[in-house]
Amino acid sequence: MIMKSRLLRYSRRLLKGAALACCASLLVASKAPSLLEQVKVSGKLVVLSQNGPTTYFEDANGNYTGFEYGMLKAFAKELGVKLEIRDVHDLSHLFRELENPESGAHLAAAGLTVTPERRAQVRFAPSYFEIRQQVIYRLGESRPRSVADLADKNIAVIAGSAHAEQLRKLSHRYPDLTWEEISDVDAMELVEMVHEGKYHYAIVDSNAYAVHRGLYPNTHIAFNLTQFQPVSWAFPRGDDDSLYRAARNFMLRANTSGLVAELRELYFGHVSKMNVGGAQTFAQLTRDRLPNWREELQKAADKYELDWELLAALSYQESHWNPRAKSPTGVRGLMMLTRATAREMGVNRLDPIESIDGGARYFVQVRDKIPERIREPDRTWMALAAYNIGYGHLEDARVLTQKLGGNADRWSDVRDNLPLLAKRQHYKHLKHGYARGWEPVTYVQNIRHYQALLTWTSRIEEQRLAAAAANDDGESLADAPLAEASGSAPAL
């Protein structure tokens, strides 16, 4: 009887434990999924951003690209979901959308500067970039050298920007500061306003001005309004921080794994320290000479499956789009072909149309020599270097890069070692000997910069033509529905 009683009590405890376990499992099952789980179940990451050269934009083939896009795409891939970008023109609206639970937005990534005011409003992931706020002025006008010199001048800033926040802080000490916060514009448009004399000054981020300055040669940096400030992704505040923690861990890895450095090189490594004279010349010749050859450049680019802006940038670097150009070394024509290369391509190098076709075909032949395992865009940058210095010297630089512990298949590593071809301690051991290795470094950087400027001006031209067509049809863009004005890019 005693044994039977013990067994009965034991059975009751087992049943009670099973019941408790069942209740616990039901509670777990009924618990709402976390935001991270919701994102994965939905299959998409919804991001608020602003279209532009430092964030995301369409390339010549209609594909999305850009620094922010590269980061976001990598994060979405890690989560196993598609990326959906919603373009929001106004920064103030962007933050309101982010804080609105019904908007469906998960985060904002638009080159957002981290400030104390914004920290009180949203939650920031670890920084992946740093910028300085810069005061831009028009050449020929008096250059301001301090905040005191900005008093009683008309200053343009983007509405809701960190620049406006900074001016509000400074106005306590400098009460004569006046500025205008402009909605639905980007940094490039502010610089253009200063370039055209519509405003005395504008305040923009240093990376944005570096990308745009070649388009507006009459502008220059007056002084830095701030020291370096962090840039990061913003998340809405709330009890559920699962997605934020995933982004934080991703960003910490991205900073240490080399992803951020790789994307910075890809999207900002071309930024050239073009002087004022060089910028003015490029702007003038883009307006006066490029239209004469644009159609032929586009035809050749289509024929050889190249971006026409790349071919145009290459010909500008070679001849400034001058069909009669001639160098002291004897290369001639729009693409500055040697006599031997022109003969090999079967073209008359003094005929601009033949020169364009021959130069494009020769570039493709050089690029085809580059090992197929080398990914784009490194393959194109190396091909440009070989176009300039010769394929043999490029191979020497790759061999040297490998010997010195670098990656011979990465342009940034080869670029760093190309100047060593001019040093006897290195070139005496190389098959092709001495070369002016610093020249292709500048050459490639310039072409990348020119290509970026031409690509962006092409996008601007398309947007302006579209706006003009809409106005001709009697439709005001300002009256367009909000869904169109701040529409979303397709899931990618």
Short side-chain donor-acceptor distance under 3.5 Å, S183 and D90:
yes
Taking the six-membered ring for Trp, are F268 and F129 closer than 6.0 Å centroid to centroid?
yes
Interatomic distance, L310 atom CG to L384 atom CG [nearest 0.5 angstrom]
5.5 Å
Once rounded to the nearest 0.5 Å, what's the spacing between atom CD of Q317 and atom CD of Q451?
13.0 Å
R398/D409 ion pair, N-O < 4.0 Å:
yes
CD1 of I158 to OG of S92, rounded to nearest 0.5 Å, is 11.0 Å
Which label fits Y316 and F282: parallel for a plane angle under 30°, tilted from 30 to 60°, or perpendicular past 60°?
perpendicular
Does the side chain of T380 pick up a donor-acceptor pair with the side chain of E376 at under 3.5 Å?
yes
Under 6.0 Å between ring centres, would you say that holds for W233 and F75?
yes
Charged N to carboxylate O below 4.0 Å: is that the case for R415 and E265?
yes
Side chains of D186 and H89: do they bring a donor and an acceptor to under 3.5 Å?
no
Answer yes or no for R123 and Y244: cation-pi contact, defined as NZ/CZ to six-membered ring centre under 6.0 Å and angle to ring axis within 45°.
yes
Assert yes or no for the condition that the ring centre distance of Y137 to Y201 is strictly below 6.0 Å.
no
In terms of side-chain geometry, is the basic nitrogen of E180 or K198 positioned less than 4.0 Å from the acidic oxygen of its partner?
no
Walk me through it: do D149 and R145 pass the test salt bridge (charged side-chain N to carboxylate O under 4.0 Å, His left out)?
CA-CA 6 Å; D149 294 336; R145 299 185 181 276; over 6 Å; no
Rounded to the nearest 0.5 Å, the OH atom of Y304 sits from the CG atom of L311 at a distance of 10.5 Å
